[in-house]
Structure formats: C-alpha cells, structure tokens
Amino acid sequence: DIGALRALAGFGSVMLVGTSLTFLGTIGAMLLIDPWLTLYAMAPFPILIIIAKRFNQDVDARSTAVQEQLGVLSAKVQENLTGMPVVRAYTMEERETGEFERLNREYLSRSVGLARTQAVAWPLMGLISGLGVLIVLWLGGKGVVDGRISLGAFVAFNGYLAQLAWPTIALGWTLANVRRGLASMQRVVEILDTRPTAESHGAIPVSDRMEAAPSRPEPRVLPTGGMEFRGLTFSYEGRSAALSGVSFRVPEGGMVAVVGPTGSGKSTLGVLLCRLFEPPRGAVFLGGADVRDLPLAVLRRSVGYVPQEAFLFSRSLRDNLRLADDGADDERLRSAAETAGLAEEVGGFPRGWDTVVGERGLTLSGGQRQRAALARALVGNPPYLVLDDVLASVDAGKEWEILRALRGAVNGRTTLMMTHRLRAAQEADWVVVLDEGRVVEAGRHPELLASGGLYARLWRVQQLEEELAQA
Ligand SMILES: Nc1ncnc2c1ncn2[C@@H]1O[C@H](COP(=O)(O)OP(=O)(O)OP(=O)(O)O)[C@@H](O)[C@H]1O
Ligand SMILES: [Mg+2]
C-alpha cells in the first residue's frame with residue numbers, strides 16, 4: 001500500500017499533469033487545423049478508454065491473485081524449513097512435496113492467466129488506436145485530394161495524432177495508478193486512525209502508546225493491595241463465554257491458585273487482569289480500583305505477568321531480564337534468576353548472562369524459557385504477580401524447589417497463579433477450581449480433597465499419572 005501511495009504522490013502526479021497538458025495542447029492544435037477531422041480521429045478513443053479500464057481491472061485482480069499465491073507458496077516453504085524435524089519425524093515428506101507441487105501449479109496457472117489477459121489486452125488496444133489512424137488517413141486523404149486541406153496541414157495533423165498515442169496509454173496507466181493509490185490511501189488512513197482499544201483514563205496518555213518501551217525513568221506503580229474478580233463474564237469475539245460470573249478475591253499479599261481442566265478459562269483471567277483483552281467495567285479490580293480506570297502503563301508496570309507461552313527476544317539473557325527495568329544491576333538479575341530456579345543454568349550457558357537466546361540464539365528448553373520469563377517478571381519488583389502455568393514444563397523435583405523459592409520472593413506480593421498442576425496449588429493459601437468458565441469449587445487443598453468434587457478427581461488422576469511415570 002505504501003508503494004502504491006508513493007507511486008501516486010510522486011511519479012503519478014507528475015505524469016498526470018504532464019500528459020494532461022500534452023493532451024490539451026495537441027488537441028487544440030488539431031482543432032485549429034480541422035475540427036471535423038479531429039472529431040473523427042477521436043471517435044475510437046472513448047472505446048479505447050472503456051476497454052483499457054475493463055482490462056486494467058482484470059489485470060489488477062489477476063496480478064493480486066498471483067501475488068497472493070506467491071505469498072502462500074513462500075509461507076509453505078518457510079513452514080517446512082522451520083518444521084523440518086516434524087516433517088521428518090512424521091514421514092510427511094511425500095505429502096508435503098505433493099502439497100508444494102499443488103500450490104506451485106496453482107501459482108503457475110494464475111501467472112499464465114495473467115499473461116493471457118495481457119496478451120489479449122495490448123493487441124486489442126493497439127488495433128483500436130490503429131483504427132483512429134486509419135480513419136484520419138482515409139478522410140484526411142480525401143480532404144487533401146478535394147483540396148479542402150493542404151498537404152502540409154494534413155502531415156502536421158498526422159504528426160499531432162501520433163503525439164497523442166503515448167499520452168493516451170500513459171493516461172490509462174496513470175488513472176489505474178491513481179485509483180490504486182487512492183484505495184491504498186484509504187487503507188493506510190484507516191490504520192493511522194485506529195485508536196488503541198484499551199483507552200486509558202487519566203494521567204499518562206502518551207506513554208500508553210509506547211507500551212513496547214518497557215521502563216520509564218520514574219516507574220510509577222500501584223501500591224500493594226488485593227485483586228478481585230466480581231461477577232466477571234467474558235467472551236472472546238464470536239465465541240461462547242470463556243468466563244461466566246466468576247467472583248473471588250486474592251487478599252493483599254496472598255497467593256491464590258486457579259486450577260481446572262484445559263480450556264476452563266484460567267489464562268483468560270490473567271489476560272483480562274492485564275487488559276491484554278478488555279474486560280467489562282466493574283468486574284476486575286486491582287488494589288480496589290477498576291482496572292479499566294487505571295492508566296495502562298501503570299497497570300502493566302504494577303503486575304508481573306508471566307504468560308503461558310513464554311516469549312524471549314533474540315537478545316542476551318541480561319537484556320531479556322532487564323526488559324522490566326533497564327536500570328536493574330547484575331545483583332538484582334542474579335537474585336531474580338535464583339528465585340526462578342535459573343541461576344545454575346546461566347552459569348552453564350556458553351557466555352553466561354551475555355548468551356543470546358531465542359529465535360536467533362541459543363535455543364532454551366520450554367522450562368528454561370518459562371523460568372527466564374518468571375525471572376524477568378521478578379526483576380521489575382512488581383507488587384502483583386500473575387503466573388500462568390509457569391511450571392508446566394518443569395519436572396516435579398524442580399517444581400518443588402522453585403515453588404519454595406517463589407514462596408519467599410512472592411512474600412508480600414499479591415499473587416494469582418494459574419496451573420493445571422495441583423501440586424503447585426498446594427502451596428497457595430486458597431484454591432479456586434474453574435470448569436468451563438465457572439467457579440465450581442473453592443477452598444484450601446485439604447478441604448477440596450475431602451469434599452470429593454472436581455478437584456479431588458483431578459488430584460487422583462494426577463497421582464495416577466505420576467505413579468505411571470515413575471513405574
Ligand atoms: N485469544 C483467544 N481468542 C478466542 N478464544 C480464545 C482465546 N484465548 C482463549 N480462548 C478460548 O477461551 C476459552 C478459555 O481459554 P483459556 O486459555 O483461558 O483456558 P485455560 O484454562 O488457560 O486452558 P489451558 O489449561 O489449556 O491453558 C477456551 O475455549 C479457548 O478456546
Ligand atoms: Mg491457559
């Protein structure tokens with residue numbers, strides 16, 4: 001779109017002015033020589049313009065289709081290169097080759113279609129403009145023979161007509177460009193006009209738009225307090241409710257675990273608390289304030305959020321951890337890493353804290369990634385913590401260790417911990433059990449076990465799984 005806009009603003013406008021002037025001048029000169037002949041000569045032009053427009057649309061649509069297919073094709077190649085181990089492991093080579101073949105064929109047929117259309121369009125337009133020349137030669141020739149026009153004037157007229165051919169073609173091309181440019185402009189303006197949906201209220205509107213820059217010189221965070229969900233009902237666009245009527249509190253400095261089967265809505269709670277999706281008003285509270293009334297930057301600096309899918313940037317481990325606070329010294333990093341159970345491993349990395357991790361660096365295991373993300377959240381020293389299944393890829397022994405250390409670090413922080421590991425939930429002051437977006441049980445670990453509900457069932461299943469794993 002930007003390219004089309006540039007063509008419109010630059011070359012396009014110059015061409016438009018240039019060709020228009022040539023047109024006017026040439027036609028004026030022709031009218032002076034012989035108005036009638038000019039009229040005849042121009043007769044095929046409307047047809048030419050109509051046909052040019054029609055073909056232009058067709059060519060446009062076809063070349064877009066070709067571009068799209070090329071996109072699909074390169075996505076496929078990329079997917080296969082990235083997923084090569086999976087392709088090999090599942091002996092998908094033949095199927096993938098076949099699929100590539102099919103996409104390639106589609107690309108070929110679309111390209112040929114485009115070439116065909118162009119092959120018809122150009123000669124046809126040439127033919128029609130040739131018709132104009134033919135008319136002039138015939139009628140004008142007769143005029144010369146009859147002595148109505150001088151031979152000199154006739155030659156001049158023909159010269160002018162030839163002059164017109166190029167601007168006509170250029171005009172068609174420019175008009176197509178203008179149309180495309182205007183359409184592009186509309187799309188670009190649409191994007192520029194889009195406001196962030198999570199409008200913040202109050203103090204710092206500018207920094208909200210620069211959420212990517214993670215730390216301010218003077219971090220402003222909320223004071224410690226409780227978290228509360230009050231009759232929270234939420235559905236993702238076009239889906240049935242992910243959460244319905246969820247109410248519970250995490251008291252100041254306390255730790256509440258949310259457990260439940262896959263898809264029960266655990267992650268959604270954290271997403272709404274950090275306003276990664278917008279919760280309804282009057283349903284989610286942090287330190288007594290509706291999160292909808294908090295400036296986004298303050299909210300997000302106050303909550304150490306560790307997402308379920310930990311993401312690290314392709315930078316050094318030190319830079320990754322410092323995202324939450326780029327003033328953090330190595331001592332803070334080390335203590336955060338220790339709490340997150342990552343410190344030992346950092347020592348074992350080829351370049352320690354300077355090891356580049358992520359996509360274009362050292363590949364970390366899922367567990368290491370999650371612990372790095374956990375350490376990152378701790379470095380910012382936030383009063384609130386939201387830990388979404390952070391121990392999912394950690395083995396049971398390590399889990400204990402981290403939980404123990406976390407208990408110390410969490411001390412004083414209000415913590416919401418989503419997990420499908422009930423062993424981790426044991427560490428919490430209070431456990432909320434979700435099922436299909438509803439709170440079905442809540443209580444302390446022993447009480448929930450005794451009551452024989454969903455929690456007790458999940459617990460038995462996990463015990464069995466662990467025994468099987470050991471056997
Ligand atoms: N970004 C999204 N867009 C649409 N639907 C979503 C999105 N994220 C989650 N959902 C849906 O919302 C419901 C709750 O999902 P959620 O991720 O909160 O469950 P969960 O308890 O965290 O599951 P898991 O244990 O697998 O992490 C599911 O039905 C899921 O398909
Ligand atoms: Mg989840």
Side-chain angles (χ1 to χ4, degrees), residues 194 196-198 211 227-248 250 255-280 283-284 286 291 296 300 303-312 366-367 369-374 376-377 384-396 399 402-403 406 415-428 430-442 445 448 453-466:
T194 307
T197 47
E211 216 59 60
M227 293 178 192
E228 188 178 357
F229 298 94
R230 229 180 263 168
L232 171 61
T233 297
F234 178 81
S235 20
Y236 292 98
E237 214 177 306
R239 309 271 310 249
S240 53
L243 292 172
S244 359
V246 171
S247 299
F248 67 91
V250 186
M255 186 203 256
V256 167
V258 179
V259 302
T262 277
S264 54
K266 302 183 294 292
S267 297
T268 306
L269 283 175
V271 162
L272 293 178
L273 195 84
C274 301
R275 279 175 71 192
L276 299 173
F277 275 82
E278 201 69 293
V284 185
L286 208 60
V291 290
L296 269 183
R300 291 185 184 157
V303 180
Y305 173 58
V306 183
Q308 190 164 3
E309 300 291 336
F311 178 83
L312 298 177
R369 244 197 337 263
Q370 273 180 325
R371 276 173 283 142
L374 176 59
R376 178 168 67 193
Y384 301 88
L385 276 178
V386 174
L387 313 175
D388 194 352
D389 238 335
V390 285
L391 303 177
S393 323
V394 171
D395 63 56
E399 185 179 9
I402 298 173
L403 277 173
L406 203 57
T415 306
L416 182 65
M417 177 172 72
M418 298 76 145
T419 176
H420 68 268
R421 294 271 195 97
L422 303 193
R423 208 177 275 297
Q426 243 176 312
E427 283 290 306
W430 190 257
V431 182
V432 172
V433 186
L434 277 187
D435 192 19
E436 296 183 1
R438 288 172 197 282
V439 177
V440 290
E441 286 173 296
H445 174 76
L448 287 171
L454 178 60
Y455 187 86
R457 246 190 354 263
L458 291 173
W459 178 260
R460 273 202 305 278
V461 171
Q462 278 195 8
Q463 294 286 303
L464 269 177
E465 276 173 2
E466 268 170 36

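When a ligand or atom number is given, it counts from 1 through the structure's own listing order. Sequence positions, counted from 1, serve as the residue numbers for this chain.
- The two residues Ser267 and Gln308 have their closest heavy-atom pair at OG-OE1, 2.7 Å.
- For Thr262, every N, O or S atom stays at 2.8 Å or more from the Mg ion (ligand 2).
- In the candidate list His420, Glu237, Lys266, Lys266 is nearest to atom 25 (O) of ligand 1, counting heavy atoms.
- Scanning the protein heavy atoms around atom 29 (O) of ligand 1, the nearest turns out to be Arg239 NH2, 3.6 Å.
- Under the rule for a ring-ring contact (aromatic ring centres under 6.0 Å, His included), the partners of Tyr236 that lie at least two apart in sequence or sit in another chain are Phe234, Phe277.
- The protein non-hydrogen atom at the shortest distance from atom 16 (P) of ligand 1 is Thr268 OG1, 3.6 Å.
- Taking every heavy atom of Ala242 and a limit of under 4.0 angstrom, the matching atoms of ligand 1 come to 12 (O), 13 (C).
- Backbone and side-chain nitrogen or oxygen atoms of Gly265 are examined, and one is located within less than 3.5 angstrom of a nitrogen or oxygen of ligand 1.
- At least one N or O atom of Gly263, backbone or side chain, sits closer than 3.5 Å to an N or O atom of ligand 1.
- Between Leu269 and Leu232 there is a side-chain heavy-atom pair separated by less than 4.5 Å.
- Polar contact check, Ser267 against ligand 1: a nitrogen or oxygen pair lies under 3.5 Å apart.
- No part of Met418 comes within 4.0 Å of ligand 1, judged by heavy-atom distances.
- Of the possible polar contacts, none joining the Glu441 side chain to the Val432 backbone as a donor-acceptor pair under 3.5 Å is found.
- Rounded to the nearest 0.5 angstrom, Thr415 OG1 and Met255 CE are separated by 5.0 Å.
- Using cut-offs of 30° and 60° on the angle between ring planes, the pair His445 and Trp459 is perpendicular.
- What sits closest to atom 27 (O) of ligand 1 on the protein, heavy atoms only, is Gln308 NE2, 2.8 Å.
- A donor-acceptor distance shorter than 3.5 angstrom exists from the side chain of Lys266 to the backbone of Gly260, with no hydrogens or angles considered.
- Among all non-hydrogen protein atoms, the one lying nearest atom 10 (N) of ligand 1 is Tyr236 CE1, 3.2 Å.
- Applying the side-chain hydrogen bond (donor to acceptor under 3.5 Å, both in side chains) criterion to Glu309, with sequence neighbours excluded, gives no partner residue.
- Among the backbone and side-chain atoms of Thr268, no N/O/S atom is found under 2.8 Å from the Mg ion (ligand 2).
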